[in-house]
Amino acid sequence: CYVPKIYCLGPNLNPQNEDLLAPLLLQSPLEWYLCGEEPSVGLAKLEQNNQPSQLCGHVFKVGEPTYSCRYSCAADPTCVLCMQCFLGSVHKEHRYRMTTSGGGGFCDCGDTEAWKKGPYCQKHEPNISDSSQKDPLANLSDEMIARTYNVFSIILKYAVDMLTWEKEDELPEGLEPPARGDTYYCMLFNDEVHTYEQVIYTLQKAVNCTQKEAVSFATTVDRDGRKSVRFGDFQFCEQAKSVIVRNTSRQTKPLRVQVMHSSVVAHQCFALKALTWLGQIIRYSDALRRILCQVGLQRGPEGENSSLVDTLMLCDSKMWKGARNVYHQLFMSSLLMDTKYKKLFAIQFAKNYERLQSDYVKDDHDREFSVTDLSVQMFTVPSLARMLITEENLMTTIIRTFMDHLRHRDLHGHFQFERYTAQQAFKFRRVQSLIGDLKYVLISRPTEWTDQLREKYLEGFSAFLELLKCMQGMDPVVRQVGQHIEMEPEWEAAFTLQMKLTHIISMMQEWCSSDERVLIEAYKKCLSALTHCHSGFTDGEQPITLSMCGHSVDTIRYCVSQEKVSIHLPLSRLLAGLHALLSKTEVAYRFPELLPLSELSPPMLIEHPLRCLVLCAQVHAGMWRRNGFSLVNQIYYYHNVKCRVEMFDKDLSMLQAGASMMDPNHFLMIMLSRFELYHIFSSADCRKRYNRENANKDVVQQNNTLIEEMLHLVIMIVGERYTAGVGQVECFDEIRREIVHQLCIRPMAHSELVKALPENENKETGMERVIDSVALFKKPGVTGKGLYKLRPESAKMFNLYFHHYSRADQSKAEEAQRKIKRQNGEDSVLPPPVLPRFCPLFASLVNILQCDVLLGILGAVLQWAMEPSGGHWSESMLQRVLHLIGMGLVEEQQHLLSSAEDNDTNFNFTLKISRPGEAPANTPSILALLETLQNAPHLEVHKDMIRWILKVKLIQISLQSHLIGSTVRDKDKAERKRKAEMARLRREKIMAQMSEMQRHFINENKELFQQSLEELDPSTSSTLDSCDSTLFCVGPRRWRAGGSDRRQVVTCILCQEEQEIRIDGKAMVLAAFVQRSTVMSKNRKRPPHNPDKYDPLFMHPDLSFGTHTGSCGHIMHSHCWQRYFEAVQAKEQRRQQRLRVHTSYDVENGEFLCPLCECLSNTVIPLLPLTKTSCRYCNKHTLDFDLQLQWLNITSLQMKALLSAHRKAKAADADGVDDMDGVNDCPPPDGFKLDYTPKNPYSSTIKEMLTTFGTATYKVGLKVHPNEQDPRVPIMCWGSCAYTIQSIERLLVDEEKPLFGSLPCRQDDCLSSLTRFGSACWTVSSHATVQNHFIRLLAALVPDPRVENTPCILDIDMFHLLVSLVLSHPAVFSLDSSGLSADTAQLYFLHLVTVAHIVQILLSSVPEEVQMEQESGGAEREEEEKVCMFYNTLRTHLGSGLREVDSGWHLWCCVKAGILPYLRAAALFFHYLNGAPAPPELHSVGEWEALCGYLCLPSNLLQLFYNNRELMEPVLHGWCSHPGVRSSSVHYSTISYFRFPRESNHLIELPGDYSALINQASSFTCPKSGGDKSRAPTLCLVCGAMLCSQSYCCQSELEGVDVGACTAHTFACGAGVGIFLRVRESQVLFLAGKTKGCFYAPPYLDDYGETDQGLRRGNPLHLCQERYRKIQKLWRQHSITEEIGHAQEANQTLVGIDWQHL
Ligand SMILES: [Zn+2]
Ligand SMILES: [Zn+2]
Ligand SMILES: [Zn+2]
Ligand SMILES: [Zn+2]
Ligand SMILES: [Zn+2]
Ligand SMILES: [Zn+2]
Ligand SMILES: [Zn+2]
């Protein structure tokens, strides 16, 4: 055989090259030979004749969505469809489940056995039905068949030989290369023991590679199962091997390493390629596929089980992962796709089953990489499963194999899990997968039984009984007295086994119930197994005789509290289940002669279940406290929904079965004896308990609980009739009743109900079929879940003593039900419900209610209750007794009502309870006792029940005597009383509701209440008081605070003292959070700035990074805050030293939680009063544009002077000599004092806070170390002010809210203090610095040749420029005493910036003209003309670069729309800066005129230019001649530039159906490790990038720390804040910085209004727009970090998560 010499060269197998060579050198010759002609032609011919399989067979990738139908269409729950098939199938319209595949497994579309309904999708629908029977080989020529046979057998044989070859240094005969070089690989193999970290660390040491290479090696090893980590001579490789082995052998077994000769490796690589090729070639034709199957299954020379397929399977655990994957895939696409050979393969698989499982148990690879995992593909096919049972005895084989692996038994032959070694525990985990196989085999019940099937099933059943025998009585416990147990015994393993077997046990019963003969035989076998187990149950236990109330019975002496007792009784429980089936299927009545009923010993049957229930009662009574938690846990699981079906429920059934066959008096006496209560009730004077038994209070208490539990058990034995076979019910009656009782506790979500109901082996509860008949569905709001609420009429089924209620459930349900009854004005009594009738086999159980022993017990308790309780009776005890009496009455009523049909009833409860005791005691009758108790003052709570009983009794008596009518008077009286009571209750309810509402309201609106108190102070209210009818917020005519002292008084949340805000007063501060933001970014590609060099003076209009300031609005004294913060700091330092735990806030970074609302904060903003501007402007009310020119001239003179002064100072600083010629001495204009230093008006604490906040903004905004001297501090403050205002303006637009009057107080306060802070922050910076900033800012508007590096107006965000100009101006203005007004200056800045913005818009944002010309009214005419003129002026300045636009209307629309956000932001800014109240028009939405008016601008903005051309023309010329404008003039408005208005950013669009996302994620591959599947694909909701999260491959370094893909992306995309959707988990992830994060509910809901975090339930999920908008809002208002803080405070475990690695 020709094997070319590729795959063996070079040190690092060069995959790309060889992958290119392979098809050329290897495959095409084979294909030529196969076809006998050009392969492309031959294969096409083959394809034409191909009879495509009706099976879809699509093999699932990891994470791909799979669909299963939850109607009964599928044969079993493992039947799944791929997305494509699902969408084309009928099941799309059914209720379906969607899950993500774990990889492997294939689509079952087209498999008629897998589906009872709708087996085909549209694509796989067979067109001609007869062709499926034809032999596929018929279409092939004989020569071709022969050739194919030849090639396939050689290749397959070669591949199998090579893959199973175990020698490292030699090859099979004939394959040895002629010349052997000393070339070896050091091959590292995968195991599931060592972690990535260990492997990476070891590799770096052993083969001296970089961390990156090591990561890549480790990734490949994990994926392919092996990887050569070194190439060279033997010595060289051996050395690396020994280092690796040495390094990893310390704790665990060493990593597997082999030094392999290069030729061996080459052959193995080639073998893998060959197998892959086989897989590809058989895709062309079903005929080729069949030949391959034949070749594979052909028996080899060694006889049985020696085919190539067998060889591969049997060597499975010896192969590396990559090899296994390849051949498993080949099996799936060949053997499992051919119906004929699937069967043959299944037989071989079953024959090898034991070997394969044993290999797997020892294998260190997970099951998904084991050939045993293929069992699901065969065992779930009903016909195959049945064939394997009958022909290969598969059931027995599986069970025996399982037993063989659990050899560890105790003296009695029980499983013993105690003291398992790690290896045994591992094995135990592994071997559990056999139970899974057994489940597959049993999952579809046979519809027809053959004798052979019966025989083999019963054989399997016997084997199963052997298994249960080993469990019957395992893990027994003995009550610990005196000392507490030293070590908690192991209990989990036994329960794991029980839980895993639960469905198997249920399925076994279902199989039995489908055939009478099988049921009878199984019942016999089970009984004899049980008898065998307990044959000697009386051995060594003394018989005793019990007697009571004239009855006596023999039993044994046995005390649960003193002897061994076990909670594991699977045999008894299986028998209980079969017994109920005998009744349900009526076999018991039809073939009584075939049943061993006479062999039944009821006392033996009930003994162990009763002990188990008594154990539970005693644990409740606190008698087993010293036995520790393991017992508590066992009792918990015994009742838990996961186990109870085959544990607690069956024990109850067994007691019912046993009791139904016994004299009820005998049964009760035995029960009393096991409860260790016999002595209390058997004594003659038991009715006087309180006189005798005062010895030990604890014992009395214990006995009380035991009596309660015992009474409860009686209630359940008589009252639980909702098991089919026990009572006359159907199985959905049972579910319905469960649901009713769950909903009686409270309304519940779908998932909560599912959790409370037992699931069958198909993971279905059957709830959907009945839920609507008992409950109403209420849809959810933006938060919360959809809820089911009980229909009022269903409440009558309510049983307070429902057997699945825990005590807590019971009291909650009782409270809820009484409340509802009271609300409806009904009597709040909760009587026992009417029950279905027992099946005949259990019918005698009702007699327990009227038997002497029970009546004796009831009488005794009632007698005790005559006296107020001194501990000798309890309320619950009495309640249960009353309930039992009620049950007796209800039962009697039912009997009376139905007595028309069968008159043989001998149930006469009323009579019995009216009968007084016999002489000599002559005790009063139960009724007499009740009549007395009715008036007992200490029994107030029970009165309604007693009254109800007496009432029912009266009705009963009247029913009996057929005399109705004598009770009318009573009824009348009762009615009146009831009405009065109802009125009282209603009054009470209303009062309670009102006070509740009030409390609630104050709680929820704490902030509001506080705020409203402040607002009551007239000083801050901003109502209109200017006589001027027009309000201006800026300019000389702006609104001014009245001359009177406008005091603002606030309260410190820490010391509760009031404080007036004054310039010279104590500083008050707002808790604030400053963060970097990209929320408004129009350019996420812009790389982050270098924090040390970056000059933030001019914000780029793409707003790519900004600094946002937010606040919760809570006010403190600065000194109070400082003290608080220091305390927090000290506490954290102590805590971190001690525990090294994280907190939700990072103290070292200045973070703290607001002391009132726990909102995350990282600094404080000082509160400042409105600046008092003395009105220096004369009362001139017209806008004089000449003045503006004059002002500008003066200002530029001032600038000139300042500039030269600064340069001089700088030069002087530099070397002390004025040698710079360029600096001309410019004399300052009049009234401008260059050397004047204004006095800082603020108090020292305010100054300190100004510095604090400024530094914080600088530090966070630039991500640098704090430095209060840095010239960029004031710039960052102004920037944050502008950015925050802009973002809030956007928010208001997005929320469609008016500009003023709709902001919450906290934002209002925040903006106002932020703006005022902005205007004051220059006072704590170097004045020269601020003046210099001002000069540069102004130069951008009024070009000044002396100022360098001025950006062009296209690269400036105009609002930022306006804010910076206005806020930096005071530093210059303070030098001026010329009489100019600051207000005028503000207005002029506004004018200039506005014109600049118009130019910016016209240059960048004029879209292609739309031909739809629109005529507008005269009012707009003027604007349109002007804007046209202006545009043409621009064109003359810039030449042809600017497109010609004729439509003035068009241009004006564009300007208006583009500038609106800017004007709105400016209005907000001046509003907060100058405190001018907003005109009412701006409180609503439509606004242009009002806005311009408020801003003191003409509504035709172009007048700003035309009224002042003298000034503006040169300025305009200056802008247009900036090189930046010129260079981009070629392509204005055509490309790349965002347009004004900038659209608000949205989170990305999400698909409506969640499976679309899953599908998208499943085809996403890791961008770094070459086409690998990503384990945790995560979607950035901001930009839509898909990331490979939580994985080594995509970690990168950020600021010196290794971070996962999400964290890294967060910094690039969101300036540290990220919003992601974890697709596999269906979970939203919020990240902030490197250490903070939380999970958030995803915006996808199922039909029940619930999210499915973790995708566990699999209900189809759909996008809820409202919830997504809520997330978007959180993002837009910069609340993500705050949200994380709150989540982490609420759930401390979130703090511990390593968010940075996500
Ligand atoms: Zn499919
Ligand atoms: Zn299909
Ligand atoms: Zn369906
Ligand atoms: Zn204070
Ligand atoms: Zn707060
Ligand atoms: Zn990756
Ligand atoms: Zn992103």
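Side-chain atoms are counted along with the backbone in the values below, which use heavy atoms only and exclude waters and symmetry mates. Each ligand, and each atom within it, is numbered from 1 in the order the structure gives.
Here the side chain of Gln348 pairs no donor or acceptor atom with the backbone of Val309 at under 3.5 angstrom.
Ring geometry, His750 versus Tyr788: the interplanar angle falls from 30° to 60°, so the pair is classed tilted. Aromatic ring pairs are classed by plane angle as parallel below 30°, tilted from 30° to 60° and perpendicular above 60°; the pair Phe349 and Tyr353 is perpendicular.
If you look at His94 and ask which of its N, O or S atoms sits nearest the Zn ion (ligand 3), the answer is ND1. Considering just the N/O/S atoms of His91, the one nearest the Zn ion (ligand 3) carries the name ND1.
When distances to the Zn ion (ligand 2) are checked against a cut-off of 2.8 Å, Cys82 contributes no N, O or S atom below that limit. Not one N, O or S atom of Cys107 sits under 2.8 Å from the Zn ion (ligand 2). Among the atoms of His58, no N, O or S atom falls under 2.8 Å of the Zn ion (ligand 1). Inclusion of Cys109 in the first shell of the Zn ion (ligand 2) is supported: an N, O or S atom falls under 2.8 Å.
Between ND1 of His124 and SG of Cys121, the angle at the Zn ion (ligand 2) works out to 100°, rounded to 10 degrees.
Here the two rings, on Tyr440 and Phe379, have centers that are 6.0 Å apart or farther.
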Review point. Given the rule in the side-chain contact (heavy atoms from CB on, under 4.5 Å) test, do Ser333 and Arg283 qualify, once you have shown the distances and angles that lead to the verdict?
Key: CA-CA 8 Å; Ser333 57; Arg283 246 180 243 165; 5.7 Å; no
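Ser370 and Asp373 share no donor-acceptor pair across their side chains, judged by distance under 3.5 Å alone.
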